[in-house]
There are 2 protein chains.
Amino acid sequence: MANVLGAKIKELRKQKGLTLEQLAEKIGSGKSYIWEIENKGVKRPSAEKLAAIAKELDVTTDYLIDDAQTEMTDDLEKEVLFRKFGQLESRDKEKIMEMIDSWSKK
Amino acid sequence: MANVLGAKIKELRKQKGLTLEQLAEKIGSGKSYIWEIENKGVKRPSAEKLAAIAKELDVTTDYLIDDAQTEMTDDLEKEVLFRKFGQLESRDKEKIMEMIDSWSKK
DNA sequence: TATATAAGTTCGCTATCTTGAACTTTCTGT
DNA sequence: ACAGAAAGTTCAAGATAGCGAACTTATATA
């Protein structure tokens with residue numbers, strides 16, 4: 001079991017019903033490269049590419065990189081949530097935060 | 001100012017009182033490379049190296065990569081927020097998640 | 001089945017990473 | 001001021017990323 005990163009990406013990609021080409025285009029790379037990451041394994045992929053892939057697959061870059069983290073657990077759900085939250089406009093962020101704040105005081 | 005990544009790393013490293021050599025050793029790289037990231041700028045550093053640096057500097061890899069994200073307060077706020085989130089009733093959690101989910105799609 | 005189209009695979013090539021060792025500058029103590 | 005140590009800087013060279021374009025395999029449609 002060498003290529004944990006590739007396995008994660010492949011699974012997440014298929015879960016989203018994306019082809020190599022579709023994912024590749026979304027992150028601005030060639031489909032051949034995605035294939036090599038998934039199957040052949042790339043030794044040290046760039047943070048840039050991996051971050052773009054992570055964003056497209058709704059996980060954090062750290063989740064993709066960390067070989068120890070392989071299960072779709074609560075932790076991952078939280079990471080997904082983190083990621084999406086971080087991409088909201090600041091006024092939406094504030095509303096969410098206010099909501100959590102007040103509900104946590106009940 | 002081109003090299004946002006380098007600036008972030010340099011600042012965080014100094015905040016922790018680490019020299020190039022100390023940080024380099026902790027992440028298993030040469031000090032020259034850290035210096036080049038910080039000063040000369042490396043175009044596409046590997047996710048592996050960046051994740052190791054991020055871990056050592058107590059930030060996420062995504063924070064380092066995203067040029068738009070330059071304020072540490074964002075990350076701190078998020079940590080506090082999600083600690084609170086974790087303590088909500090599951091009913092409330094779901095409502096929050098739905099909200100983030102739908103807002104993040106615009 | 002035959003053909004077309006989409007999906008996946010291979011590979012050569014250039015750009016970039018990343019290192020180690022030598023070099024220069026800055027600090028520290030006497 | 002001076003020597004020695006520590007921090008920072010330069011660079012040549014081998015290793016790897018990542019692309020394009022051609023190729024093969026699967027899937028669909030008639």
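Basis for what follows: all heavy atoms, side chains included, without hydrogens, waters or symmetry-related copies. The sequence lines fix the lettering, A, B, ..., with proteins before strands; numbering per chain opens at 1.
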Report the distance from atom CD of A:E21 to atom C1' of D:dC19, rounded to the nearest whole Å.
14 Å

When you measure from the side chain of B:S32, which nucleotide among D:dC19, C:dA21, D:dG8 comes out closest?
C:dA21

Figure out the CG/C1' separation between A:L23 and C:dA6, and round it to whole Å.
16 Å

Ignoring hydrogens and geometry beyond distance, is the side chain of B:E36 in donor-acceptor contact with the base of D:dC11 at under 3.5 Å?
yes

Here the distance between atom C1' of C:dT10 and atom CD1 of A:I34, to the nearest Å, is 16 Å

Can you identify which nucleotide, out of D:dG18, C:dG8, D:dA7, has its nearest atom closest to the A:Y33 side chain?
D:dG18

Taking the side chain of B:K14 as its heavy atoms from C-beta onward, which of D:dG18, D:dG8, D:dA22 lies nearest to it?
D:dG8

What is the minimum heavy-atom distance between A:F85 and A:M97, and which atoms define it?
CZ-CG, 3.8 Å

Would you mind telling me which of C:dT19, C:dG8, C:dC17 lies closest to the side-chain atoms of A:K31?
C:dG8

Does a nitrogen or oxygen in the side chain of B:S46 sit under 4.0 Å from OP1 or OP2 of D:dA17?
no

Can you tell me how far C1' of C:dT18 sits from CD1 of B:I27, to the nearest Å?
11 Å

When you match A:Q22 and B:I37 each to their closest nucleotide on DNA chain C, which lands nearer the 5' end?
A:Q22

Side chains of A:D66 and A:V4: does their closest heavy-atom pair fall under 4.5 Å?
no

Base, sugar-phosphate or nothing for B:G41? Non-hydrogen atoms, less than 4.0 Å.
nothing

Look at the side chain of B:R13 and the backbone N and O of B:L18, then say whether any donor-acceptor pair between them is shorter than 3.5 Å.
yes

Rounded to whole Å, how long is the line connecting atom CG of B:N39 with atom P of D:dG8?
9 Å

Separation of atom CD1 in B:I53 from atom C1' in C:dC17, rounded to whole Å
13 Å

Both B:R44 and B:L20 contact DNA chain D. Which one's nearest nucleotide lies toward the 5' end?
B:L20

Below 4.5 Å, heavy atoms only, C-beta onward: do B:L64 and B:L12 meet side chain to side chain?
yes

Gap between atoms NZ and C1', on A:K49 and C:dA15 respectively (whole Å):
13 Å

For the pair made of CD in B:E48 and P in D:dT16, what is the distance, rounded to whole Å?
11 Å

Here the pair of heavy atoms bringing B:G41 nearest to B:N3 is CA-ND2, 3.7 Å

Contact under 4.0 Å: B:T19 side-chain N or O vs D:dA6 OP1/OP2:
no

